[in-house]
Structure formats: structure tokens, C-alpha cells
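Taking it in order: structure first as C-alpha cells, then the write-up.
Because only heavy atoms are used, hydrogens play no part in the values below, and waters and symmetry mates are left out as well, while side chains stay in.
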Amino acid sequence: MFVRINDRITSVGAKDYGSKFFDRLMPTPLGTTYNSYIIKGEKVCLIDPVKPESSKDLLQNLDKAGVGKLDYLVCLHTEQDHSGGWRDVVDRYPGVELVATDRVASLMALHHNIAKDMFRIMAPESVLDLGGLTLKFHPIPFAHWPDNTVVTVVEDNIMITSDLFGAHFIPEDVNKVDVDMHLEEAKGYFAEIMMPTRKQVRKHVLWAREQNPAMILPAHGPAWKNPSVIIDAYDEWTSDIVKPRVIIPFVSMHESTRIMVRHLVEKLESLGVEVKAHDLGDDEHDLRNNAGSAIYDMVDAAIVVLATPTVLTAPHPCAAFGALLMNALKIKAKYLGLMGSFGWGTQVVKIIESLTSAITAERLEPVLIKGLPNEEELGQIDALADTIAAKLAEL
Ligand code: FEO
């Protein structure tokens with residue numbers, strides 16, 4: 001990847017079409033990029049040395065950019081996908097000085113076996129003078145690790161934001177990025193990377209808006225040439241505001257739970273409620289795709305109803321995975337429901353409650369039915385739908 005941002009900044013990172021599940025978890029059907037930026041004042045600085053498997057691409061791009069001497073290598077975040085290639089860069093440019101905040105340097109020492117005293121430590125809001133160009137360091141803790149840092153190219157007011165505002169997305173043409181597609185991928189990225197710490201992320205988003213940046217250059221995906229698009233979106237996603245929408249992640253083994261889900265969907269639709277069901281057990285797709293797609297829809301949904309059959313008294317493992325993911329990513333739904341069918345006995349309510357203990361949503365009365373639902377039991381689902389419609393109306 002070689003993209004000229006302006007006379008002084010060039011994007012020199014790597015594309016990755018091969019990884020279908022980032023972190024072996026998050027679906028990345030459109031690939032991802034590990035962004036790295038070369039910044040030229042009188043001194044030359046590289047921001048983020050990409051992942052080790054991609055450092056060959058980075059070094060080729062540095063040749064293309066005519067970088068014969070590198071003065072500084074700045075690391076904004078420790079995770080391997082951004083800093084793992086540091087040794088290859090140091091080997092190519094032996095005189096380069098490593099630069100980072102104290103938090104990054106401490107974690108780099110731990111995760112990369114690199115001596116902390118090899119780093120020049122930058123205090124919060126301090127500047128690195130490149131000669132005619134200055135870089136200002138601003139920590140953004142827990143967006144999403146403790147160490148993530150924003151560097152602003154002060155003279156251009158261009159922000160290099162580490163994982164914040166990223167997207168796993170390689171556009172066909174970097175000069176004609178489809179903004180809707182970029183936003184959709186950014187939302188999925190937000191769900192898996194930023195949603196668990198959205199309260200902390202919100203503070204950084206408000207700070208970013210105050211800076212009124214001319215451009216945002218994240219660590220993954222294309223540049224945001226109109227920063228208000230992604231800042232507005234993050235403002236909404238990190239807020240406590242939810243949309244009047246119901247998401248139903250479900251699994252069915254012998255169709256009873258599916259019948260219950262269909263009945264709930266039809267009843268909710270008849271009440272004018274927006275609802276979407278996601279089959280976590282869909283044979284056509286990997287569970288991570290099914291759960292990922294459901295989670296993306298939960299970023300701003302008001303109500304989630306998990307539906308599962310009982311397997312040996314416990315929730316179906318696909319539903320348990322969905323529950324664990326919802327819990328780990330801390331969905332902001334206001335209400336959480338549970339329903340499903342069981343054969344002869346069930347501990348589903350207790351187990352799901354334990355798997356979702358970090359979700360603060362108020363619990364709706366569970367609807368658990370033995371075997372195939374009869375008319376009376378379908379009436380319980382009608383009552384659940386009425387409750388949901390009333391809760392949404394209150395919101
Ligand atoms: Fe893209 Fe936190 O690494």
C-alpha cells in the first residue's frame with residue numbers, strides 16, 4: 001500500500017486479504033490494512049511498524065518513498081499488528097531512535113522483549129520536533145488497550161489515531177472510498193474492538209471533535225477525509241442512546257425454538273416493532289460470522305432476546321458462544337430477554353444469567369417451553385411481544 005496523503009505524509013503500510021477472522025474471531029470479509037505513515041520534516045519519522053508478517057511490504061514501501069535514512073520510529077500501540085515489525089525496521093535503519101509514551105514502552109518491553117530504555121519517552125501532550133514539523137502525543141487509554149496513543153501532525157492538524165476510528169476494509173480505490181461501506185465496516189470494528197470500553201472511548205471521541213482535525217488517519221482501513229462522518233458515528237455508538245429495535249440471536253435443533261422465534265417476530269412486526277433474527281446455527285456460515293453479524297446489529301439495539309434449546313440441561317453451545325460474546329463486548333441494550341424449548345429439564349435461565357453477568361440490561365421474564373409450543377404457550381410469546389412493545393414505547 002502506498003498512498004500519498006500530502007507533501008509530507010505518505011501511507012506506507014500493508015494490505016492483508018488473507019485473514020478471514022481478525023484475532024481468529026472477527027469476520028473480515030473485505031480484508032484489512034496495517035497502516036503505517038512516513039512523515040518527512042527535516043527529520044524523517046515512521047509511525048507504527050506493522051505486523052511481522054507484513055514488514056516486507058512496509059520495507060518495500062519505504063524504498064518506494066525514498067527513505068534512505070530514518071530518524072525516528074514511533075510506536076502508538078503495542079499489539080503485534082502494529083508494532084510486531086519493529087525489529088525489521090531497526091535492522092534496516094540501525095541508527096533509528098525508538099519513540100513512544102511510557103505506557104507503550106512498558107508494554108513493548110513485555111510483549112516484544114525489547115528494553116524499555118531503548119525508547120525516548122514522550123509525556124502526554126509533549127511534541128517531537130521533526131524540523132519544520134511537529135508531532136504531538138496524546139494518550140487515549142482503553143481505546144482499546146491502556147497504551148493507545150494519538151499523534152497529531154500539528155502543522156496540518158492531521159490526527160494519526162491508532163486503532164480508534166479504524167475499519168477492517170480495503171477499498172478498491174483509495175481515492176474513491178464508498179463512505180457507506182466504510183462506515184458499515186467501521187461499525188463492525190467498533191462492536192468488537194471499542195464497544196467493551198465505550199465509556200472511555202466516548203471521552204476520546206469528544207476530545208477528537210474539539211480538535212477539529214483536517215483528516216483522521218487510523219491504524220486500519222482508509223483515511224477519513226471528512227472526519228465529522230466517523231466522529232458523529234462514534235458519538236452515537238458510544239452514547240447510551242439506543243434505537244427502538246429488537247435483535248433475536250437464536251439456535252434451533254428440532255424446530256421448536258425456531259417456531260417460537262418466528263412467532264415472536266411475526267407478533268412484534270404486527271405491533272409495528274422493528275425486529276431482526278439471526279440464526280447462530282446457520283449451516284452455511286461459520287459461527288463467528290453468524291454471531292458477528294448479530295453483534296453488529298446490537299451496537300445500538302434497545303432490546304435483545306436470546307433464544308436457545310436446552311442441550312443436557314444447558315444452553316446450546318452456539319447460543320452460549322453468542323451470550324459470551326454479548327457479555328464480553330458489553331452490549332448496551334436496555335432489556336435482555338430469553339426464550340427456548342427444552343426436552344425434559346433445563347438450567348438455561350441460571351446458566352445464561354451467569355454468562356451475561358456483565359450486561360447491565362434489565363431482564364425480561366424468560367419464556368421456556370417444554371417440547372413443541374402449544375396455543376397457550378404461544379400466548380406467552382404474545383405477552384412477551386406486548387411487553388417489548390410497551391418497553392420500546394417508554395424509551
Ligand atoms: Fe489493531 Fe489493538 O490492534
Side-chain angles (χ1 to χ4, degrees), residues 5-6 8-9 11 33 35 37 39 47-48 74 76-77 82 101 103-104 122-128 133-169 171 174 177-243 296 298-301 329-332:
I5 305 295
N6 66 18
R8 308 183 282 203
I9 307 172
S11 179
T33 66
N35 296 341
Y37 301 97
I39 303 175
I47 308 277
D48 286 346
V74 170
L76 299 182
H77 173 38
H82 306 293
T101 62
R103 271 190 170 160
V104 172
M122 301 301 295
E125 314 314 322
S126 64
V127 295
L128 181 67
L133 207 56
T134 41
L135 304 183
K136 189 168 188 180
F137 287 68
H138 177 81
I140 48 168
F142 294 100
H144 62 131
W145 268 37
D147 64 338
N148 291 85
T149 309
V150 169
V151 150
T152 301
V153 182
V154 175
E155 288 72 10
D156 295 327
N157 199 19
I158 289 179
M159 274 184 185
I160 301 172
T161 56
S162 188
D163 282 317
L164 186 64
F165 304 131
H168 291 313
F169 175 40
V174 287
V177 177
D178 181 320
V179 175
D180 289 339
M181 199 181 270
H182 193 183
L183 259 183
E184 193 177 322
E185 294 306 317
K187 189 177 186 183
Y189 180 93
F190 171 86
E192 302 239 16
I193 306 291
M194 299 291 162
M195 193 159 68
T197 52
R198 74 179 167 88
K199 301 270 184 196
Q200 290 99 321
V201 172
R202 182 163 186 78
K203 291 178 196 161
H204 306 317
V205 173
L206 298 177
W207 169 82
R209 188 189 289 288
E210 280 171 14
Q211 310 312 306
N212 191 24
M215 197 185 300
I216 284 176
L217 305 178
H220 297 284
W224 293 99
K225 292 184 178 172
N226 178 1
S228 63
V229 170
I230 190 64
I231 290 175
D232 287 349
Y234 262 65
D235 197 355
E236 184 184 320
W237 299 335
T238 57
S239 76
D240 289 332
I241 297 168
V242 288
K243 295 203 165 135
Y296 300 171
M298 291 179 209
V299 165
D300 43 17
L329 302 183
K330 293 190 174 63
I331 58 168
K332 67 175 179 182

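A heavy-atom distance below 4.5 Å is found between the side chains of Ile9 and Val153. Looking only at side-chain heavy atoms (C-beta outward), Ile231 and Val205 come within less than 4.5 Å of each other. The shortest side-chain heavy-atom distance between Pro139 and Arg103 does not fall under the 4.5 Å cut-off. For the pair Met195 and Val299, the minimum side-chain heavy-atom distance is below 4.5 Å. With a 4.5 Å cut-off on side-chain heavy atoms, Pro222 and Val174 do not count as touching. Residues Trp237 and Met194 fail the side-chain proximity criterion, which asks for heavy atoms closer than 4.5 Å. The shortest distance between side-chain heavy atoms of Asp235 and Arg202 falls below 4.5 Å.
Counting only distance, with no hydrogens or angles, the side chain of Arg198 and the backbone of Thr238 share a donor-acceptor pair below 3.5 Å. For Asp232 (side chain) and Val229 (main-chain N/O), no donor-acceptor pair under 3.5 Å exists by modelled atom type. Within the 3.5 Å criterion, the main-chain N or O of Phe142 finds a donor-acceptor partner in the side chain of Thr197. Of the possible polar contacts, none joining the Trp224 side chain to the Leu217 backbone as a donor-acceptor pair under 3.5 Å is found. Without hydrogens or angle criteria, Asn35 side chain to Gly221 main chain gives a donor-acceptor distance under 3.5 Å.
Between the side chains of Glu155 and Thr134, at least one donor N or O lies within less than 3.5 Å of an accepting N or O. Side-chain contact, Asp156 with Asn6: a donor N or O sits under 3.5 Å from an acceptor N or O.
Qualifying side-chain contact (heavy atoms from CB on, under 4.5 Å) partners for Pro196, counting only residues two or more places apart in sequence or in other chains: Leu329. Applying the ring-ring contact (aromatic ring centres under 6.0 Å, His included) test to His144 and every residue at least two apart in sequence or in another chain returns His77. The side chain to side chain donor-acceptor pair (under 3.5 Å) test applied to Lys199 returns Asp240, not counting sequence neighbours. Residues passing the salt bridge (Lys or Arg N to Asp or Glu O under 4.0 Å) test with Asp180: none are found, sequence neighbours excluded.
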Exercise. Begin with the C-alpha distance, continue with both residues' side-chain angles, and end with the deciding distance and a verdict on side-chain contact (heavy atoms from CB on, under 4.5 Å) for Gln211 and Thr152.
Key: CA-CA 10 Å; Gln211 310 312 306; Thr152 301; over 6 Å; no

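Just one of Leu128, Val151, Val127 meets the side chain to side chain contact (heavy atoms under 4.5 Å, CB included) condition when paired with Lys136; it is Val127.
Within the model, atoms CE of Met215 and CE of Met159 stand 13.0 Å from one another, a figure rounded to the nearest 0.5 Å. Once rounded to the nearest 0.5 Å, the distance linking CD1 of Ile193 with CG of Leu164 reads 12.0 Å. Here the CG atom belonging to Asp147 is positioned 9.0 Å from the CG atom belonging to Leu76, to the nearest 0.5 angstrom. Remark: Ile160 CD1 to Ile47 CD1 distance equals 4.5 Å, nearest 0.5 Å. Rounded to the nearest 0.5 Å, atoms CZ (Phe137) and OG (Ser126) are 6.5 Å apart. In this structure, CD1 in Ile158 is found 10.0 Å from OH in Tyr37, a value given to the nearest 0.5 Å.
Here the closest non-hydrogen pair linking Pro213 and Ala208 is CD-O, 3.3 Å. The two residues Pro218 and Thr161 have their closest heavy-atom pair at CA-OG1, 3.4 Å. Between Ser11 and Ile5, the shortest heavy-atom contact is N-CG1, 4.1 Å.
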Donor-acceptor pairs under 3.5 Å, side chain of residues 182-192 to any protein atom, not counting sequence neighbours: which ones?
unit_1, atom_1, unit_2, atom_2, d
Lys187, NZ, Asp300, OD2, 3.2
Tyr189, OH, Asp163, O, 3.1
Tyr189, OH, Asp163, OD1, 2.9

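Counting heavy atoms of neighbouring residues, nucleotides and ligands inside a 6.0 Å radius, atom CD1 of Ile241 does not exceed 12 of them.
The list of ring pair (Phe, Tyr, Trp, His ring centres under 6.0 Å) pairs with a residue in residues 197-217, not counting sequence neighbours, reads His138-Trp207.
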